[in-house]
Amino acid sequence: MAKRVAVVGAGVSGLASVKCCLEEGLQPTCFERSEDIGGLWRFTEHVEEGRASLYKSVVSNSSKEMSCYSDFPFPEDYPNYVPNSHFLQYLKMYANQFNLLECIQFKTTVCSVTKRPDFAVSGQWEVVTMHEGKQSSATFDAVMVCTGYLTTPHLPLDSFPGIHTFKGQYFHSRQYKYPDMFKDKRVLVVGMGNSGTDIAVEASHLAKKVFLSTTGGAWVMSRVSDSGNPWDMVFTTRFQNMFRNALPTPIVSWLLARKMNSWFDHVNYGLAPDDRVQLREPVINDDLPGCIITGKVQIKPSIKEVKENSVLFSNTPKEEPVDIIVFATGYTFAFPFLDESVVKVEGGQASLYKYVFPAHLQKPTLAVIGLIKPFGSMIPTGEVQARWVVQVLKGLHTLPPPSVRIEEVEERKQNKPSGFGLHYCKALQSDYIEYIDELLTYINAKPNLFSLLLTDPRLALAIFFGPCSPYQFRLTGPGKWQGARNTILTQWDRTLKATKTRTVRESPSSFESLFKLISFLAFLVAIFLIFL
């Protein structure tokens with residue numbers, strides 16, 4: 001009899017988990033508390049409890065070729081960076097293509113997930129759910145938690161002296177939907193993550209004045225990189241990752257700063273991060289420098305005190321009048337349906353082996369999908385996690401004993417720098433390619449570059465020097481996709497098709513031809529040095 005698996009949440013990770021279960025002959029039942037799939041990517045006019053909330057203008061920060069499911073590319077006519085409405089449509093196409101909807105129970109809230117009395121032997125879970133006021137219970141052989149980490153707003157009001165005397169309006173960025181409310185107002189946005197920066201830029205088109213307050217600064221980068229290509233298709237390659245990880249961290253940090261400052265000098269714009277060795281997630285925004293240089297947005301330090309109608313910033317004697325304060329101060333995460341003895345959240349992280357399995361459980365039959373912040377797209381990351389989990393559930397991959405798992409988790413929590421490559425400032429952050437490759441190794445799905453170089457050199461070079469797109473993860477192993485090779489070799493064609501909507505004749509140049517020949521010869525030398 002097929003193992004029954006409960007999947008909590010029908011967002012991007014939940015859908016991938018359902019599909020992976022079906023691929024491996026498991027029997028998934030997905031519980032989704034709202035009326036439709038999509039999770040974060042389903043825009044609603046009002047905030048819904050227990051669901052991630054986004055504003056109307058949200059566009060993906062990762063390009064379509066890098067943020068799709070590994071065996072289901074975005075449609076060719078989609079833009080390279082996808083608006084939330086297009087993204088939701090893509091998720092619906094994915095669910096329909098693989099018949100996932102029949103496994104999903106909508107408007108069903110998971111109330112509790114507890115161990116069965118015989119858990120030490122069976123590894124089974126009792127799942128209690130609520131649907132239209134009626135409570136029911138069922139036994140499952142395994143549980144995959146796919147609820148994400150953007151549902152519980154972090155609003156530390158005690159950190160802002162005087163906030164309760166403020167006569168204007170203040171709220172968390174989770175409540176934000178449209179910029180109309182900022183018309184002719186003096187707006188302060190607190191927090192310089194992606195949401196805070198987006199909101200500040202949107203407000204600047206209507207507001208009388210906009211301040212963006214940041215405590216530690218951040219690197220700001222554009223979606224558009226070298227030669228107009230998507231940033232992640234240029235940055236996230238196996239060659240560049242290997243090169244970065246071979247260099248001492250101070251050198252990598254210097255190179256990164258130089259690259260970030262090639263767009264604009266972050267010091268002159270008041271944005272440069274205070275800590276330039278530990279990498280926090282860069283802000284991706286195409287418009288912020290333009291708003292700063294035209295005076296539409298002013299960058300300010302942390303808040304010293306909030307008064308009735310104004311704010312006093314640190315190290316600045318002048319009070320600034322403010323009508324609205326938006327706290328883009330991030331999120332905390334929790335699992336209210338799980339007992340702390342199963343998954344305990346402390347200091348913004350959980351004790352999860354490889355960011356997935358509770359380290360101490362004797363029976364690895366509960367997994368958390370998507371509780372990680374890779375320097376890459378979340379969709380392929382969660383999908384690879386799900387593929388690994390189902391292999392574990394089927395007994396095709398065995399985890400080390402709990403003592404080993406706990407030791408590794410504790411070591412990761414210390415976040416000690418290796419001295420090489422990028423050093424991330426938070427334990428949830430991870431090297432995208434290294435992490436993905438580790439999980440792919442467990443399920444025998446990591447592409448073998450040396451073997452491919454002998455049998456399919458064109459593909460091997462595209463994998464090593466080109467974008468580390470999700471299609472690479474389907475070249476071999478369980479869930480192998482026959483279309484993976486061709487999709488990898490045509491990814492740049494789809495990228496250009498989205499922008500090259502007017503044909504322009506290129507002027508021939510003898511110098512350019514000579515330069516291309518020299519570059520090709522240098523390329524061959526590089527291959528020889530790397531692979532031989």
Side-chain angles (χ1 to χ4, degrees), residues 4-22 26-44 47-54 67 69 84 87-88 90-92 94-95 98-114 125-131 136 138 140-153 174 331-339 342-343 345 350 352 355-358 365-373 377-390 393 428:
R4 298 188 65 207
V5 181
V7 178
V8 186
V12 293
S13 296
L15 294 176
S17 297
V18 172
K19 177 177 176 289
C20 289
C21 287
L22 292 174
L26 304 180
Q27 185 181 333
T29 300
C30 180
F31 301 108
E32 169 56 43
R33 67 183 300 153
S34 71
E35 62 188 19
D36 203 354
I37 65 170
L40 168 68
W41 292 102
R42 186 169 69 86
F43 172 80
T44 55
V47 176
E48 296 179 5
E49 183 186 355
R51 279 194 65 241
S53 177
L54 73 154
S67 59
Y69 292 109
N84 65 80
F87 218 114
L88 178 60
Y90 167 76
L91 295 178
K92 290 185 175 182
Y94 179 77
F98 298 106
N99 299 314
L100 307 183
L101 295 178
E102 61 191 36
C103 301
I104 304 174
Q105 296 183 15
F106 293 106
K107 297 182 179 180
T108 304
T109 301
V110 174
C111 304
S112 66
V113 176
T114 54
W125 301 87
E126 193 75 18
V127 178
V128 177
T129 58
M130 180 76 72
H131 175 70
S136 58
F140 289 90
D141 299 298
V143 178
M144 298 174 76
V145 179
C146 309
T147 52
Y149 53 83
L150 297 175
T151 56
T152 307
R174 171 176 162 79
Y331 293 82
T332 58
F333 62 88
F335 306 102
F337 49 84
L338 287 173
D339 189 80
V342 178
V343 178
V345 178
L352 300 174
Y355 301 97
V356 175
F357 289 100
T365 55
L366 184 139
V368 179
I369 309 297
L371 191 60
I372 184 175
K373 296 180 180 179
S377 175
M378 192 58 246
I379 286 186
T381 304
E383 184 188 29
V384 171
Q385 287 179 329
R387 291 172 66 191
W388 175 46
V389 167
V390 297
L393 297 180
L428 276 183

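Bear in mind that the values here come from a model prediction, so they are computed numbers and not experimental data.
For the atom pair Glu32 CD and Cys146 SG, the distance stands at 10.5 Å (nearest 0.5 Å). Atoms CG and CZ, from Leu22 and Phe98 in turn, are 10.5 Å apart once rounded to the nearest 0.5 Å. The CD1 atom of Ile369 sits 8.5 Å away from the CE atom of Met378 when rounded to the nearest 0.5 Å. Between atom OG1 of residue Thr381 and atom CG of residue Leu371 there is a gap of 12.5 Å, rounded to the nearest 0.5 Å. One finds the CG atom of Leu54 at 10.5 Å from the CG atom of Leu150 (value rounded to the nearest 0.5 Å). Taking CG of Leu26 as the start and CZ of Phe140 as the end, the distance is 12.5 Å to the nearest 0.5 Å.
Checking side-chain atoms of Thr147 against main-chain N and O of Gly9 turns up no donor-acceptor pair under 3.5 Å. Checking side-chain atoms of Thr108 against main-chain N and O of Phe106 turns up a donor-acceptor pair under 3.5 Å. When atom types are taken as modelled, the side chain of Tyr69 and the backbone of Val12 share a donor-acceptor pair closer than 3.5 angstrom. Between the Arg51 side chain and the Gly39 main chain, a donor and an acceptor come within less than 3.5 Å of each other. Thr109 places no side-chain N or O within 3.5 Å of a backbone atom of Cys111 that could act as its donor or acceptor partner. At least one donor-acceptor pair closer than 3.5 Å links the side chain of Asp141 to the backbone N or O of Arg4.
Considering only heavy atoms from C-beta on, Val342 stays 4.5 Å or farther from Val113 through its side chain. Between Met144 and Cys21, the closest side-chain pair of non-hydrogen atoms falls below 4.5 Å. Using a 4.5 Å cut-off on side-chain heavy atoms (C-beta onward), Val389 and Ser17 make no contact. Contact annotation: the side chain of Phe335 never approaches that of Val8 to less than 4.5 Å [non-hydrogen atoms, C-beta and beyond]. In this structure the side chain of Phe43 never reaches within 4.5 angstrom of the side chain of Leu88, judged on heavy atoms. Residues Ile372 and Leu352 have side chains not in contact (no heavy-atom distance under 4.5 Å, counting atoms from C-beta outward). At a threshold of 4.5 Å between non-hydrogen side-chain atoms, the residues Lys19 and Leu100 count as touching. Two residues are said to be in side-chain contact when any heavy atoms from C-beta on lie closer than 4.5 Å; Phe31 and His131 fail this criterion.
When all heavy atoms are compared, the tightest approach of Val343 to Pro358 is CG2-CG, 3.8 Å. For the residue pair Ala334 and Val345, the shortest heavy atom distance occurs at CA-CG2, 4.5 Å. Nearest heavy atom pair, residue Ala6 against residue Val127, reads CB-CG2, 4.2 Å. The two residues Cys30 and Val18 have their closest heavy-atom pair at CB-CG2, 3.8 Å.
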Verdict with reasoning, Tyr94 to Ile37, per side-chain contact (heavy atoms from CB on, under 4.5 Å): CA-CA 11 Å; Tyr94 179 77; Ile37 65 170; over 6 Å; no

field: Trace of the side-chain contact (heavy atoms from CB on, under 4.5 Å) decision for Trp41 with Asn84
entry: CA-CA 6 Å; Trp41 292 102; Asn84 65 80; 3.8 Å; yes

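Under the rule for a salt bridge (Lys or Arg N to Asp or Glu O under 4.0 Å), Arg33 has no partner lying at least two apart in sequence or in another chain.
Arg42 and Glu48 are joined by a salt bridge, as a carboxylate oxygen and a charged side-chain nitrogen come within less than 4.0 angstrom of each other.
Classification of the Trp388-Phe357 ring pair by plane angle, with boundaries at 30° and 60°, yields perpendicular.
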